[in-house]
**Q** 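Questions regarding the structure given below will be posed in turn.
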Amino acid sequence: MIGVAIVDDEALVRSGFELILGAVEDIEVVASVDGIGAVEAIRSSRPDVVLLDVRMPGRNGLDILDELQTWDDPPVVAILTTFDSDDYIARALRSGAAGFLVKDTDPEQLPMLLRSLSAGGIVLSPQVSRTLVGGFARAADREAARRLSGLTGREQDVLAALRTGASNTEIGEALHLSRATVKDHVSAILGKLEVTTRLEAAIIAERAGVRGDEAETR
């Protein structure tokens, strides 16, 4: 069972997510709160995944994200957004956000996206991807090429798979590697690309046009 906490200042948004997820057998909404009560609710309910709005009166979602990341075993956090502005993207990425979801995400896709997050994958709603790639990564284009050139062939294979949002287990199955080996490769990739999260690495890969087409030949 995947425990999910929904943090949004709009009761209607929270109710909508609760209604959608309440019909899914392997997902349980364990907390549904606004920003002010978020940290305590998350601490007591210990969800696997937190859907976190950023712009909330009373308590900024980015501040909540920063506080959660100080925990020994923080939950996976995906940012909820209407995407009318992307001025907070870089900070959310560097604070450890594992994904960005628009609030009108297709109800049929939402459970699948949460399962991916819970399994260690990364998630970008299609509406969000172009903004992230075009905005956050644009400034790093020249550096990205230099950093990518330092990856080994197998690391490039792992990065190509990581770009799709796959978890370590899924990458291992696709590339015939153990989960521990994949974890080592991901750590090496983050170090060489000089980023701290899988999502940042995936965005650099997207921007640079990294593909998995050659992975099967290696």
Side-chain angles (χ1 to χ4, degrees), residues 1-5 26-28 30 42-43 45-52 65-79 92-101 111-124 129 132-133 136-137 140 143-218:
M1 184 68 72
I2 300 170
V4 178
D26 62 333
I27 296 176
E28 178 184 7
V30 297
I42 294 169
R43 192 189 307 277
S45 62
R46 302 302 298 181
D48 302 293
V49 178
V50 176
L51 300 180
L52 176 64
L65 175 59
D66 286 340
E67 184 168 347
L68 295 180
Q69 294 305 309
T70 67
W71 294 3
D72 290 337
D73 186 22
V76 175
V77 177
I79 300 299
L93 284 168
R94 295 191 175 101
S95 293
F100 288 81
L101 299 177
M112 176 188 67
L113 297 175
L114 287 173
R115 293 185 189 107
S116 179
L117 286 165
S118 178
I122 55 177
V123 164
L124 291 177
S129 183
L132 278 172
V133 172
F136 171 76
E143 279 297 300
R146 178 184 66 79
R147 297 173 191 175
L148 286 168
S149 68
L151 300 183
T152 66
R154 182 51 82 189
E155 287 168 353
Q156 291 180 31
D157 294 341
V158 171
L159 178 61
L162 189 154
R163 173 179 175 248
T164 69
S167 66
N168 286 355
T169 299
E170 292 167 333
I171 294 172
E173 291 173 353
L175 299 179
H176 309 292
L177 300 172
S178 70
R179 189 172 182 276
T181 299
V182 173
K183 185 176 180 181
D184 288 342
H185 281 314
V186 171
S187 295
I189 290 167
L190 296 184
K192 290 181 179 181
L193 296 185
E194 300 175 26
V195 296
T196 57
T197 69
R198 297 163 68 98
L199 185 51
E200 288 176 282
I203 291 170
I204 289 176
E206 175 80 19
R207 186 69 178 176
V210 172
R211 296 287 189 272
D213 302 340
E214 299 179 2
E216 295 180 359
T217 67
R218 279 198 258 273

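Since we're looking at a predicted model, the values are computed, not measured.
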**Q** Please test R198 against V186 for side chain to side chain contact (heavy atoms under 4.5 Å, CB included), starting from the C-alpha separation and ending with a verdict.
**A** CA-CA 8 Å; R198 297 163 68 98; V186 171; 3.9 Å; yes

**Q** Hey, could you give me the CG/CD1 distance between L148 and I189, rounded to the nearest 0.5 Å?
**A**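 These two atoms lie 9.5 Å from each other.
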
**Q** Measure the shortest side-chain to side-chain distance between I42 and P47 over non-hydrogen atoms and say whether it is less than 4.5 angstrom.
**A**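 Answer yes - side chains close enough.
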
**Q** Kindly compute the distance separating CG (L65) from OG1 (T70), expressed to the nearest 0.5 Å.
**A** 10.5 Å

**Q** Between L51 and L114, is any pair of side-chain heavy atoms under 4.5 Å apart?
**A**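 Yes. Closest side-chain heavy atoms under 4.5 Å.
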
**Q** Verify side chain to side chain contact (heavy atoms under 4.5 Å, CB included) between V182 and L175, making sure each step is shown before the conclusion.
**A** CA-CA 9 Å; V182 173; L175 299 179; over 6 Å; no

**Q** How many angstroms lie between OG1 in T164 and CG in L159, if you round to the nearest 0.5 Å?
**A** 10.0 Å

**Q** Answer yes or no: is there a side-chain heavy-atom contact under 4.5 Å between H185 and I171?
**A**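 H185 does not reach I171 side chain to side chain.
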
**Q** Taking all atoms of both residues into account, what is the closest heavy-atom pair of G96 and T197, and its distance?
**A**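 Nearest pair, atom of G96 first, then T197: CA-CG2, 3.8 Å.
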
**Q** Could you grab the distance from atom CG of L199 to atom CD1 of I204, nearest 0.5 Å is fine?
**A** 10.5 Å

**Q** Which pair of non-hydrogen atoms, one from S118 and one from D48, has the smallest distance, and what is that distance?
**A** OG-CB, 4.3 Å

**Q** What's the verdict on side chain to side chain contact (heavy atoms under 4.5 Å, CB included) for V30 and M1, showing C-alpha distance, side-chain angles and the deciding distance?
**A** CA-CA 11 Å; V30 297; M1 184 68 72; over 6 Å; no

**Q** State, yes or no, whether a side-chain contact exists between L193 and E155 at a heavy-atom distance under 4.5 Å.
**A**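 They are not in contact (no side-chain heavy atoms under 4.5 Å apart), so the answer is no.
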
**Q** Is the number of heavy atoms from other residues, nucleotides or ligands under 6.0 Å of K183 NZ greater than 12?
**A** no

**Q** Would you name the heavy atoms of A202 and I122 that are closest together and state the gap between them?
**A** CB-CD1, 3.2 Å

**Q** To the nearest 0.5 Å, tell me how far D157 CG sits from L177 CG.
**A**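 Here the interatomic distance stands at 8.5 Å.
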
**Q** Kindly write out the residues that satisfy side chain to side chain contact (heavy atoms under 4.5 Å, CB included) with T169, not counting sequence neighbours, or none if the list is empty.
**A**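 Partners of T169 under the side chain to side chain contact (heavy atoms under 4.5 Å, CB included) test: S167, E173, R179.
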
